[in-house]
Protein chains: 2
Amino acid sequence: MFEKLFSKGGLTLERLRGFMSMAEAGSIARAAPDDANRQSQISRQIRELEEFFDVELTRRKGRTLSLSPAGARLASLIREQLQDLEDFRRDQRGLPKSFTIGAGASVLEWLVVPALPRLAELLGGATLLIQPMRSRSLAEAVSEGRADFAILRRDAIPAAKSVLPLVKLGFVICIPERLIPQGVSDRQASHPSFWRDLPFAAGRDGGQLDLAIRAAMADAGVDYRPRFECGSILQARQLVDMGECAAVLPALGLRGMDRKRIRVLPFAPMKGYGRGLVLHWNERQTRRRAVDASTIQAMARSLVLTVREPGP
Amino acid sequence: MFEKLFSKGGLTLERLRGFMSMAEAGSIARAAPDDANRQSQISRQIRELEEFFDVELTRRKGRTLSLSPAGARLASLIREQLQDLEDFRRDQRGLPKSFTIGAGASVLEWLVVPALPRLAELLGGATLLIQPMRSRSLAEAVSEGRADFAILRRDAIPAAKSVLPLVKLGFVICIPERLIPQGVSDRQASHPSFWRDLPFAAGRDGGQLDLAIRAAMADAGVDYRPRFECGSILQARQLVDMGECAAVLPALGLRGMDRKRIRVLPFAPMKGYGRGLVLHWNERQTRRRAVDASTIQAMARSLVLTVREPGP
DNA sequence: TTCAAACATGACTTTTGAGTCATGTATCCT
DNA sequence: AGGATACATGACTCAAAAGTCATGTTTGAA
C-alpha cells in the first residue's frame, strides 16, 4: 500500500520534525536559536524532504524563509501526526493529554488563568499550555492547529464556525475614592474634564487594548499622561487597589475589586470599542483528540462563570 | 512540543510501518510471506516499539499474534498517517489519490466493476483498489480505515451512520426457454415442483449467498443437486446464457440477460432473505481525504443507475 | 560598501537502525 | 511423539541518516 513512501528512502520522522520546527518558528534561525549546527541540519533536512516529495516546501523571502502552499500543508500534516503519536504515548503511560490555549495577554491574566484548574479538569486532567499572542495570529494559530483553543474577539475570526460566545468586552474607569473630592457624583466623575488631574496608571505592553485606551483618551480631549506606565494592565490594577491611581480597565478585570474603596464607572469613550469575546477552537483538532462538544460547552460556561463569580 | 518523541530515539517510520503491516495482515508470517528475514525484522521492530511506548502492542494467541487495544489504536493511527503522507506525495506529483472499495465477490462483479469508471471519475480520477471480502469483515475494514468504502447489506453494519441505500437485494430464478415445455405458464414455472428435473448451475464459492440458496431450496422441498458447481456465480450465469442450465441468481446479476431466451421469475423461497444493499464509508477517512458528501451521494446514485441501465 | 544575519553546502565522523543468518521456543496438527 | 508452523532472539554487517565544522552565498541595514 505505501511502498512508494519507503522504497527509495529519504523519509524519516527526524526530517519531518526538522521541517516542522522551522515551519512553526517561521525561520530556521528561530527554530534553533544559538545552534548553528542544528540550523544547518534543518536546512539540509528540508532540502532532503523537498527532494523526496519532489516539491518546493519553502521559498526564500528576504533573508528568511516562508512556506510554499505545499510546505504549509505538509507542516500542518506533520504537526497532527506528531500530536497523535504524542497523545498515544502519553495515554499509554497514563499521562494526561496536553492542550494549547491562546489568548491576548490581558485576557489570559483575567479570564483564562483563573479558570485554568477547572478547564484542566474538564479536559480530563490535561496539561494546559497557555500561549500569549496577538489576536491577529490567534485565529491563524487555531486554524493551523498550533493552538487547540483560543479566546479572542469574535471579529478576529473569519468564519463563524467553532465559536461560543463568552462575555462582552467592556471598559470601565476605576477611581479610588480617596482621589475623589467629597460630594462628586458619579455623573460628575464620569466626565472627561474630571479626569484631567487624576494620576493614572496604564499598561504599556504595546497590545491593542492599551493602544485603544490611549486613542480613546485623546479623542475625549484628555491629555492622558499616566504617572505610571506598567508592563501589564494587571500591574496597573494593583496600583488602583492600593488607592494610588485611577485606571481604565477592561470590565473583565474587576474580580475582587473593593467597590467601597474604588469607584467603578463606565468608560464612555470606548463604548463602541469592545466586541464580544468568544471561545474558538479547531474542529479538526478537537475531533481528532476526542474532545466532545459538551466538554467545549462546559469550558465556555466555566469561563463565563469566572468573570461573574466574586474573586478570592 | 514533541521532544519526548525524539529525545531517546527508537521511533522511526520504518518501525511503525513494520508494525502496521503485521497488524493489517493479522500475523507476521502473512505480512511477509516467504521472507524469514523480514519476518524476524518485523518481530524485532514490534518489540522495539513496545519498548519505546512502554506498552504491549501484541499478544500471543495460539501460535500467532493478535493486537492489544493499544496495538489496534496505534495501527489505525499509523495507517492514517501513512495514508496522509501518501496522499500528499501523490498530490504534489499531480497523481490521483487511491481509494479502496470493498464488497462481496458477487456484488463486486455485478455492481461495482461496471460502475468503476464512473466512480473513479467522481473521485477526481482516483485509482481504485477493489477488495473482495466477506460482509462480516467489510464493516470492520471500513471502521478501521482499511477500506474507504464498502458495499454490503445494511444489517451487516452496527451503527446506522455513514450509509446510503442502493438497491434491494432480491433473487430470481432464471430458466432458459428451451428447458421449459411448451405452454408452461410463469405461475407453473415458479412452483418448486417444476424445478425438480431442471439442470441447475450453482456457484460454490462458500459465500453466504450460495449457502442461502441451497438452504432455501432445501426448505422448499427441492432436492437441489446442481449439475454444475461453478467457482463463482458469474460462471453459473454464463451457463444460463448458453441455455444449458437454470440458476438462482441475485436480481443484480441480470444486466444484459436476453429475456426472450431466458425466463426470469421471482424466487419465492428467498423472498424475505435479501436486505437492502448500502454504500458505507468511513466518515473519518472521507473527511480527512477530502471526499465531500455530495461526491458520495453521486457515487451512490451512479451505483444505483448501474443496475437499472441496460447492459452493454 | 561594509557588516552581520540568515540560510546553504561540502566534506567529513559518528550513531542508529535496517538487514542477514543461525538458532531457540512455544503451539498446533497428525 | 514427531514434525511443521509461527514467532523470538542473539550476534553480527552494512547503509543511511544524524550530527559536526568550516566555509560560501544572499540580503537587509548601518
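Chain A is the first sequence line, chain B the second, and so forth, proteins listed ahead of strands; every chain is numbered from 1.
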Distance in angstrom units between [X] [atom1] and [N] [atom2], rounded:
X       : N      : atom1 : atom2 : value
B:Glu14 : D:dA17 : CD    : C1'   : 12 Å
A:Asp35 : D:dG19 : CG    : P     : 10 Å
B:Gln41 : D:dA16 : CD    : C1'   : 14 Å

Mutual orientation of the aromatic rings belonging to A:Tyr224 and A:Phe200 [parallel < 30°, tilted 30-60°, perpendicular > 60°]: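 A:Tyr224 vs A:Phe200 ring planes: perpendicular.
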Mind checking [X] for me? I need base, sugar-phosphate or nothing, with any heavy atom below 4.0 Å counting as a touch.
X       : result
A:Arg47 : sugar-phosphate
B:Ser40 : base
B:Gln45 : sugar-phosphate

Covered region of DNA chain C, 5' end to 3' end, by chain B [heavy atoms, under 4.0 Å]: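 Endpoints of the contacted stretch of DNA chain C: C:dG17 to C:dC28.
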Donor on one side chain, acceptor on other, A:Arg288 and A:Gln285, under 3.5 Å: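 Result is yes, a qualifying pair exists.
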Test item: side-chain donor near acceptor, B:Thr100 and B:Gln131, under 3.5 Å: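 No, because no side-chain N or O of B:Thr100 sits under 3.5 Å from a partner of the opposite role on B:Gln131.
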Side-chain heavy atoms of A:Val55 within contact of A:Leu49, under 4.5 Å: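 The answer is no, as the side chains (C-beta and beyond) never meet within the 4.5 Å cut-off.
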DNA chain D: 5'-proximal contact among A:Arg15 and B:Ser43 (nearest heavy atom):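 The 5'-side residue here is B:Ser43.
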Residue met sooner reading DNA chain D from 5', once A:Asn37 and B:Arg44 are mapped to nucleotides: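 Nearest-nucleotide comparison on DNA chain D picks B:Arg44.
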Backbone N/O of B:Thr58 and side chain of B:Glu50: donor-acceptor pair under 3.5 Å: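 Yes: the side chain of B:Glu50 pairs with the backbone of B:Thr58.
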Near-strand residues of residues 55-68 of chain B, defined as heavy-atom separation under 4.0 angstrom from DNA chain D: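 Here the set is B:Arg60, B:Arg63, B:Thr64, B:Leu65.
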Helical bend (five base pairs per end, nearest 10°) for the helix from C:dT1-D:dA30 to C:dT30-D:dA1: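 The end-segment axes of the helix from C:dT1-D:dA30 to C:dT30-D:dA1 are tilted 30° relative to each other.
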